[in-house]
Amino acid sequence: LKVGSKVQLKLYTDSKGVGGCNVTVLEEADESVEAVAEALPNAPKPIAPGLVNGQGAVKSQEVLMDEAVLKAPRPRYMKDFEAKVAEEEREVLDGIYEGEVVQRSKTYAWIKPRDPSSLPVGVQSKVQEMCDGFRKRAEEGDRVFCGGIEENVIYVANPDLSVKGAILCVGMQVTFKLYTDNKGVGGYDVVPSEDHIQKMREAIRNNFKTDDGKRKTLPWSSIWGQGDAAFKDVLFIGECTHEFSLAVTRLCGLTPCLGETEHPFRLAETTSWCSTELRWPRAFEQNLELQLAENLKKLRSIGVWCSEAVDAHKVKQTLEKTSSTCCSFDTVFWMMPYVPDGCRRPPTSIAPMMYYCIDAFVQSALDVCKDDGSIMVVVTSAQCLSWNLYQCRPKVGDKEIIPDVWWFDVSEYEEHGYQSRFGDGRDRFVDRPVFHSLCDMVAVRWRPAAAESPVEGGVTEDEIAERKKQIEEVGKEPQGG
């Protein structure tokens, strides 16, 4: 669009007010400066062609995004971590070593060196002393250290990973450097093995190619529908940029695939897709705001209603408050649920908190789900077990809805631009996050009709546990060979 152009448009309303979509230019103006409609009140202003900085160089949108990241306030945990490093008198050592991640949490991990004898002699004794101390304290508290592992392990804090915001997972092969401090020995500049990551991805994908994997994978057409007259009414409870919702439209042929200009289908006037968010990106994350503005433009252009500030525990009330175009859906879908309050919590509290969060969401979503519809969340298989979602059984009247669990092929959505990220933003600085693509993903589904007749089939808890062991063994050398 150019300033002064005459256009024809349709109107929509949301919690911000009134906006325009399906814009058609009737008469283009001669002005050369483009005007970009602001999708957010605080969205960064576009740079007009020829506008230069103090050095005479044109600033592109990409440069603006890079500058926004550099100017963003440093996370509090990094300031705390740097103070902690100074207090612990860290001394870095020469050499690069190989190892395997044997345990991880939200903020740290333990790595088992591949060849403990390759560590400097003085370091070996410090590692032994550190691990013995942890084992003794664990025994005194009637616990086990690092899952009861007998070998000695190296501590790694997340800020010591080579790529800011990268996430490790159990079984991952890595290289690392060493440091010593007044607490023992740790690893830094930790780099996951790209070869091992690829093998883990292949193991995940191969599961979908087996006969059993195909039977127990939820096909995307059963979630969204397929074809002009067969798409379902869908409510997305999404991530902070509507990226998943947009990937679904590409997968379903409602918007052009990446690199293409045509698409075969369109939403019927009687079909409603609503894409909602728990919160908008924080103001300083301008790169996310630019992505959000572009995604909103694409979704609204095909008739998807988009809104912020939807409460996952008060779905119907907040949909009505934001003037949703629909309040009755075939599919209510939450990709990678999270609690968006930014509060730190001890690891032991996360599982019961997420169980409550998802249980309350499903109970609330029943108010907008059709009797023959489905409510779904997609999580990692490990989360499904640790959060006890098999036992998450909300009631319809006096009857429990027993969930059924299915493998979920996230790669189908990644091919269309989706990137699985943590809801708390810990991996927002990573260009291509890999953690969730290295995990088995499952769709947990609740159907109101299942209160009368529970669904048979799907993936069992034992099958998830067995698959977890198989993934952790990928790429390991045979023992005693």
Side-chain angles (χ1 to χ4, degrees), residues 81 85 88 90-135 144-181 183-206 382 426-427 430-440 467-481:
F81 177 73
V85 168
E88 294 173 355
R90 176 179 295 197
E91 181 181 344
V92 298
L93 307 176
D94 295 330
I96 299 177
Y97 304 90
E98 297 179 346
E100 174 193 339
V101 179
V102 293
Q103 193 177 76
R104 64 167 289 276
S105 75
K106 181 177 177 179
T107 57
Y108 67 89
W110 290 100
I111 293 177
K112 181 179 71 175
R114 183 173 183 179
D115 180 11
S117 64
S118 66
L119 305 183
V121 176
V123 170
Q124 291 182 41
S125 60
K126 290 201 72 170
V127 172
Q128 183 70 55
E129 180 182 354
M130 177 183 69
C131 291
D132 286 346
F134 278 115
R135 290 189 179 99
V144 295
F145 168 62
C146 197
I149 191 170
E150 296 181 358
E151 298 95 330
N152 289 333
V153 288
I154 304 293
Y155 172 83
V156 173
N158 281 1
D160 278 318
L161 303 182
S162 63
V163 177
K164 184 179 181 181
I167 308 292
L168 300 177
C169 59
V170 173
M172 184 178 283
Q173 307 297 310
V174 298
T175 60
F176 60 95
K177 298 176 182 178
L178 288 171
Y179 68 83
T180 60
D181 59 21
K183 288 191 174 181
V185 179
Y188 77 100
D189 202 11
V190 180
V191 181
S193 164
E194 288 297 329
D195 179 63
H196 186 247
I197 287 175
Q198 185 58 33
K199 289 179 180 178
M200 295 178 75
R201 280 177 166 157
E202 290 174 0
I204 298 292
R205 287 195 293 266
N206 288 339
R426 76 185 84 160
D427 59 353
V430 182
D431 289 335
R432 299 294 301 177
V434 300
F435 178 79
H436 291 109
S437 64
L438 303 182
C439 304
D440 278 319
R467 277 284 301 166
K468 183 173 181 290
K469 292 179 182 178
Q470 293 174 8
I471 295 300
E472 290 176 0
E473 292 298 316
V474 168
K476 290 186 180 179
E477 296 180 356
Q479 296 296 316

From Y97 OH over to S118 OG, what is the distance, rounded to the nearest 0.5 angstrom? 6.5 Å

Give, for atom CD1 of I197 and atom SG of C169, the distance between the pair rounded to the nearest 0.5 Å. 7.5 Å

Quick one: CZ on F145 to CD on Q103, what's the gap to the nearest 0.5 Å? 7.5 Å

Please report the interatomic distance OG1(T180) to CD(E91), rounded to the nearest 0.5 Å. 4.5 Å

Here the pair of heavy atoms bringing M130 nearest to G184 is SD-CA, 4.0 Å

Nearest 0.5 Å please: distance from the CG atom of L168 over to the CG atom of L161. 4.5 Å

Please list, chain by chain and in numerical order, all residues satisfying side-chain contact (heavy atoms from CB on, under 4.5 Å) with Q470, sequence neighbours excluded. E466, R467

Less than 4.5 Å apart, side chain to side chain, heavy atoms only: is that true for Y179 and D160? yes

Any side-chain heavy-atom pair from M200 and I471 closer than 4.5 angstrom? yes

With sequence neighbours excluded, tell me which residues meet side-chain hydrogen bond (donor to acceptor under 3.5 Å, both in side chains) with D115. S117

Supply the atom-to-atom distance M172 CE to E100 CD, rounded to the nearest 0.5 angstrom. 11.0 Å

Any side-chain heavy-atom pair of I111 and V153 under 4.5 Å: no

Those residues that, when tested against D94, pass salt bridge (charged side-chain N to carboxylate O under 4.0 Å, His left out) (two or more places apart): none

Between P113 and L119, the two heavy atoms sitting closest are CG-CD1, 4.1 Å

Can you list every pair that meets side-chain hydrogen bond (donor to acceptor under 3.5 Å, both in side chains) and has a residue in residues 185-194, with sequence neighbours left out? K177-D189

Determine the minimum heavy-atom distance between G187 and F176, stating which atoms define it. CA-CD1, 4.4 Å

Just jot down the side-chain hydrogen bond (donor to acceptor under 3.5 Å, both in side chains) partners of E202, sequence neighbours excluded, or say none. none

Quick check against the 3.5 Å criterion: does Q173 have a side-chain atom that pairs as donor or acceptor with the backbone of G171? yes

Going through the checks in order, is the side-chain contact (heavy atoms from CB on, under 4.5 Å) test met by I149 and K112? CA-CA 9 Å; I149 191 170; K112 181 179 71 175; 4.1 Å; yes

Nearest atoms (heavy-atom pairs only) where I154 meets G186: CG2-C, 3.5 Å

Sorted by chain and number, sequence neighbours left out, side-chain contact (heavy atoms from CB on, under 4.5 Å) with V144 holds for none

Y155: which residues meet the ring-ring contact (aromatic ring centres under 6.0 Å, His included) condition with it, sequence neighbours left out? Y108, W110

Identify, with sequence neighbours excluded, every residue that meets side-chain contact (heavy atoms from CB on, under 4.5 Å) alongside T175. I96, E98, V191

With sequence neighbours excluded, what pairs up with K126 under the salt bridge (charged side-chain N to carboxylate O under 4.0 Å, His left out) test? none

Can you name the side-chain contact (heavy atoms from CB on, under 4.5 Å) partners of S125, sequence neighbours left out? none

Using side-chain hydrogen bond (donor to acceptor under 3.5 Å, both in side chains) as the criterion, list what pairs up with N152, not counting sequence neighbours. Q128, R135

